[in-house]
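First up is the structure itself, then whatever we jot down about it.
Below, all heavy atoms of this structure are taken into account, side chains as well, without hydrogens, waters or symmetry copies. Each chain gets a letter, A, B and so on, in the order its sequence line appears, and its residues count up from 1.
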Amino acid sequence: MWFFIGIIIGALVLGFIWWLRRKNLNLTWYEWVLGILGLLLLVFTLQNFMGSFEEIESKAAYMFLLITGLPSLILLALTWQLAARRLAKA
Amino acid sequence: MLWRSGETGWRCGRTGLELRELEEFMSKFHSMVSRRDFMKGLGMAGAGIGAVAASAPVFHDIDELIASDTAVQPRPWWVKERPIDDPTIEVDFSMMERHDGRNQGQSARVRAIYYGADRVLGAAALSAAELAERTASNYPGYTYRSRALAGSFKRISQGTSPGWAETKDPAPVKTPEERGEPKWTGTPEEASRMLRAAMRAYGASLVGYTELTQEHRDHVIFSYEKGDSNNEKYIGTTIPVTAARPIVFENVPKAYETTEKLVIPNVPLWEIAMSTQGSNELWRSAGTLLGGMANGNTFYNCANLHASTYNFLRYLGYQLIGTIGNDARYVGSEGGAAIMAGLGEASRQKLYTLTPEYGAPGRLYGVLTDLPLEPTHPIDAGIYRFCHSCQKCADSCPPQCISKEKEPSWDLPLTEGKETIYSVKGTKAFYNNLPLCRQYSNETSHGCRICWGECTFTVNRGALVHQIIKGTIANIPLFNTYFYKLGDAFGYGTDPEKAEAWWDLSLPTLGQDSTIVAADAGYGK
């Protein structure tokens, strides 16, 4: 399953980069760092959320949503907002 | 595939190829890259790197790497080896005396010393009352089906047939002498790998070895077997030698036993330390009848493992001394052997030895052999150090018999104001009240064992976080207290409700994940 998730994420990232180039948009280095960190944390959350359910540890699964899932979404939202506001000013 | 020693050397039974021919044959399929080709291909023939490459071990393919002397047992990447006889728990052989196997927490006689004969003998009535009360209230893990499951769980007992040095039932295989061929010979490294492979096939999981040094003979081997000494009839009495025999060393070539002694020969010997597995899901039902079954589940295949290992060594022309799975005739502390052989590390709970692969669940055994073996190294996976910070087992222990000290100690504490006679001296350990542990277990209908299911290391492999945390624990002790609290907050551990949820799970055979220690053939994850 993770093989396919890897392929899907790879395709999404590739598509995102193509989309940026097509629109002539650029991200700053810190937007890349925050975005990649957020994405890694999101994948980590998904793996542990699903893995914990496999282990029949439902409380642990939901704790992962809270402890790592929420920060991952915050990081991704931060990246989006930083880029959107910077591009809106330009 | 079967390897036979023939007149012209080793021969592969299935293909009939000589070893040399087989190497040529296999090289067509394996990547046989020479050191020079490899360096040339990478274009990195610098003198410095070349010097390192020349001095480093060279593996022609992955099979050779896995079968190398440095990989007697493939372990997780975070497990580091320590020098022989230097485990993470400090040991002082000069303080250690050969422990009397009759003095242990399970023994009714020993429990009566601390808690009185009345309480010891009254345990069965308390257990029955709890069973009746929980059955009446349909308590989780005491439903009709749970009572049926736990009560019907049967295993073939070791009985009396496996003796100290002979196992007559099932009928033993012929020795090389009886077959008219020489005994098997090989290097200790070859013997170690061969025996591990055989024992894994018979049902062992982790297998390691120690050499039985003079220090081990003088300080580690039990002075008496446990024998029948646990029996309630010995409360307040002296145990006759026929009920629990002394273990003595004699200048004889073979081990033997009489009705009054168990004899270890004064010849070079090695101790085989091994583990069998447990079922995490059953252990997490501890505190119920299913949790009680978790304990028996670890013994399930012991009779077969013992008989098969005994006969394997016998076929090769060597001895097996002691019994796998029958603690009446253990040669010494199984946990001690497991720690010295690098199967796992000591723990706060003291009754269990924690292995990097399994955590607490499973069972440990130690037997002796005169087959020369390559000792395996004690390990450091940060586990014992973690136990200094973690008290999850102690917090969850109903009778509070697990130490909550921050640091381990060389000094045996008193038990109920009396001298502690059931623990082995000479290790810097966390000491537990083992008679109280067993007494409380006997007073329940489920046998307790909650600490096994609560242990921070009793985790499965579904979530990636466990591997990351284990790797961090092994290398960065700074976060140990945080991880202990995190384990609690995330809800890992025992819960009676898990005993009822268990019925709807699809689990491996016997509930044991036998692929945990598999590195080959695509089973390893």
* Check whether any side-chain N or O of A:E57 sits under 3.5 Å from a backbone N or O of B:G493 as a donor-acceptor pair, and report yes or no. => no

* Asked: Under a 4.5 Å heavy-atom cut-off, does chain B meet the side chain of A:F44, its backbone, both or neither?
  -> side chain

* CZ of B:F386: more than 12 outside heavy atoms within 6.0 angstrom? -> yes

* Asked: Counting only heavy atoms not in B:W503, do more than 12 sit closer than 6.0 Å to its CH2 atom?
  -> yes

* Asked: Quick one: of B:L464, B:I468, B:N280, who has the most non-hydrogen atom pairs under 4.5 Å with chain A?
  -> B:L464

* Asked: In terms of side-chain geometry, is the basic nitrogen of B:R461 or A:E54 positioned less than 4.0 Å from the acidic oxygen of its partner?
  -> no

* Over 12 foreign heavy atoms within 6.0 Å of NZ, B:K485 -> no

* Could A:E55 and B:R284 be called an ion pair, given the rule that one side-chain N must be under 4.0 Å from one carboxylate O? -> no

* To do: Might you confirm whether atom CZ of B:F153 has over 12 heavy atoms from other residues, nucleotides or ligands at distances under 6.0 Å?
  => yes

* Rounded to the nearest 0.5 Å, what separation is found between the OG atom of A:S58 and the CZ atom of B:F490? -> 12.5 Å

* Can you establish whether the number of heavy atoms outside A:R22 located under 6.0 Å from its atom CZ is more than 12? => no

* To do: Check whether B:L486 gets within reach of chain A through its side chain, its backbone, both or neither, counting any heavy atom under 4.5 Å.
  => neither

* Heavy-atom closest contact (B:E281 atom, A:I56 atom, distance) -> CG-CD1, 4.3 Å

* Which portion of B:A489 sits near chain A, non-hydrogen atoms under 4.5 angstrom -> both

